Amino acid sequence: MFGSSSIERLLIEIGDITYFAKRFFKEVFTKPFEFKEFLRQCYNIGNRSLFLVGITAFIIGLVITLQTRPTLQEFGAVSWMPSMVSISIVREIGPVIIALTFAGRIASGIGAELGSMRVTEQIDAMEVSGTNPFKYLVITRILAATLMLPILVILGDAIALYGSYIIENIKGDVSFRLYFNKALNALAFGDIVPATIKTFFFGFAIGLVGCYKGFNCKKGTVGVGLAANSAVVFASMLLFILDFIAVFITDIFFEI
Amino acid sequence: MITKAHIDVKQDAKSNNQPIIKIRNLRKAFGDNVVLNGFNLELYEGENLVIMGKSGSGKSVMIKCLIGLMQADSGYIEIMGKDLLSLNQVELDKLRTEIGFLFQGSALYDSMTVRENLEFPLRRHKHKFGPIEDTTPLVEEALKNVGLLDAIDLMPAELSGGMKRRIALARTLILKPKIILYDEPTSGLDPITSKEIIELMRNIQREYRTSSLIITHDVDCARVVAERMILLVDGINYAEGTYNELASSEDEKIKAFFKQ
Ligand SMILES: Nc1ncnc2c1ncn2[C@@H]1O[C@H](COP(=O)(O)OP(=O)(O)O)[C@@H](O)[C@H]1O
Ligand SMILES: [Mg+2]
């Protein structure tokens with residue numbers, strides 16, 4: 001069971017992260033804007049997770065199709081496969097699985113990077129060199145993560161559908177055109193837009209937690225490992241909470 | 001306690017000029033851990049002042065309060081006639097261009113080459129330099145000063161500890177500061193490399209006529225560079241004087257520093 005002190009620590013942590021987020025919103029709109037560094041981070045973050053996201057999405061597409069095929073066959077409903085796969089991937093599986101992969105790669109990466117910069121006083125060195133390290137390091141990374149995750153999810157969804165198509169093509173002789181016709185026709189506004197909006201929040205949460213953990217890293221090399229590790233744990237937890245809230249709200253507005 | 005002797009030294013220096021750095025009654029605690037408890041210090045122009053204290057005694061905390069990286073709980077800090085706490089961000093940044101800070105572990109930016117490390121303060125302190133077209137001559141000059149021009153395109157991970165310290169020193173010097181704060185310049189280095197760094201510090205002092213505040217727990221370093229010393233014990237400036245005065249003291253707490 002949780003001791004009262006660990007619940008207390010969790011609450012304090014949530015309070016601190018909220019405060020960190022508040023600082024983000026306060027400083028993100030004021031000059032100077034570190035645009036060059038932002039672009040560099042977009043490239044870094046996107047590039048670092050592209051391969052992993054691609055592989056994960058492809059395998060998810062394959063596996064879902066393989067696993068559901070026998071059941072659909074039993075009901076003689078294999079022709080529904082493209083619609084079923086596309087709806088489940090676009091609405092839920094794509095965003096969540098890809099965000100989790102992204103969290104594993106990026107939240108820990110940012111946590112370790114900023115953590116070691118904190119411990120070795122590189123952040124202090126920036127500050128005495130006329131640079132606001134919060135703007136230069138934190139805001140650029142959070143914005144980059146917020147922007148890159150939705151792009152990666154759209155890309156990942158497409159790759160997953162392609163994986164599913166390959167299985168359908170082999171097992172059911174479905175053509176590329178027919179498969180994607182069915183898959184895309186099944187998607188409605190209420191599937192795509194809420195799912196895309198929530199990925200922005202996921203990206204923001206992952207960037208925020210990674211930066212928070214790294215920026216406030218405790219001294220010592222143990223601190224850096226801890227920052228990286230707890231960033232992933234906390235970010236993943238936050239993803240599920242956000243996902244629940246998102247699905248809840250979508251349910252109210254779109255009546256899935 | 002050293003009394004008479006250190007008053008003589010202080011008055012001697014005072015008669016020449018005003019202190020360039022003045023710290024009065026600095027207090028800083030982290031929760032129950034009281035680190036600084038009324039620390040005082042004056043650094044005079046052109047002087048080499050060594051602050052000695054055991055590890056964990058609050059030397060780094062003191063120097064970070066001095067440059068505004070940490071907020072002291074109370075106390076007064078004046079640098080070059082300016083009250084540190086009354087400055088806004090722009091004024092603080094301007095003041096920081098006059099002060100070089102050599103960090104304890106060198107603090108080179110891991111993700112940047114040596115050249116980019118040295119360019120960083122040049123490009124960032126826009127109030128002092130404006131946009132600089134070509135930083136190469138300045139970077140090369142700074143690297144020549146520390147004898148490491150060859151390392152210009154290397155990454156920090158490819159450098160030895162002593163080289164890192166020199167590059168960090170070059171990064172500090174590139175702004176041509178009036179004051180240099182050294183946080184344990186020889187920590188983590190072997191004795192020979194330490195000697196080289198100390199020699200370099202003395203050359204810089206001679207060439208640039210900087211005032212230096214040197215934090216250390218290395219007695220050898222203190223003996224060579226100190227014109228005046230302050231011992232930081234229990235959060236206060238426990239004793240002041242020249243190396244020889246302090247080394248010959250009868251006080252137990254002072255003696256503990258000089259026992260080899
Ligand atoms: N950011 C911080 N939070 C809490 N305690 C700190 C912090 N920085 C320093 N301390 C504490 O202040 C004391 C002095 O640290 P420091 O100035 O780094 O010592 P040193 O004299 O070796 O440089 C230590 O007990 C350290 O634990
Ligand atoms: Mg220290």
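None of the values given here were measured: they were computed from a predicted structure.
The environment of B/Glu45 atom CD is sparse: at most 12 non-hydrogen atoms of other residues, nucleotides or ligands sit within 6.0 angstrom. The 12-atom threshold is not exceeded at OH of A/Tyr19, counting heavy atoms of other residues, nucleotides or ligands nearer than 6.0 Å. Taking a 6.0 Å sphere around CZ of A/Phe201, one finds it holds 12 or fewer heavy atoms contributed by other residues, nucleotides or ligands. Applying the 6.0 Å contact sphere to CZ of B/Phe30 captures more than 12 heavy atoms from other residues, nucleotides or ligands. The number of heavy-atom neighbours closer than 6.0 Å to CZ of A/Phe240, taken from other residues, nucleotides and ligands shown, is 12 or below. Surrounding OH of A/Tyr162 are at most 12 heavy atoms belonging to other residues, nucleotides or ligands under 6.0 Å away.
Ion pairing between a basic and an acidic side chain is recognised when a charged N comes within 4.0 Å of a carboxylate O; B/Arg124 and A/Glu34 show such pairing. The residues B/Lys64 and A/Glu121 are annotated as salt-bridged, a charged nitrogen and a carboxylate oxygen being separated by less than 4.0 angstrom.
Without hydrogens or angle criteria, B/Tyr109 side chain to A/Ile123 main chain gives no donor-acceptor distance under 3.5 Å.
You'll find the side chain of B/Phe101 stays beyond 4.5 Å of the side chain of A/Ser129, heavy atoms only.
In terms of heavy atoms, A/Thr120 sits closest to B/Ala107 at O-CB, 3.3 Å. Shortest non-hydrogen contact noted between A/Glu127 and B/Asp93 is O-OD1, 4.3 Å. Looking at every heavy atom in both residues, B/His125 comes nearest to A/Val128 through NE2-O, 3.2 Å.
Neither the backbone nor the side chain of B/Ile99 comes within contact range of chain A; no heavy atom of the residue lies under 4.5 Å from a heavy atom of that chain. Contacts of B/Met70 with chain A are absent, with no heavy-atom separation under 4.5 Å from either backbone or side chain.
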Q.
Does B/Asp110 form a side-chain contact (heavy atoms from CB on, under 4.5 Å) with A/Gln122? I'd like the steps, not just the answer.
A. CA-CA 9 Å; B/Asp110 291 327; A/Gln122 290 174 51; 2.9 Å; yes
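B/Arg96 CZ to A/Thr131 OG1: the interatomic distance, rounded to the nearest 0.5 Å, is 10.0 Å.
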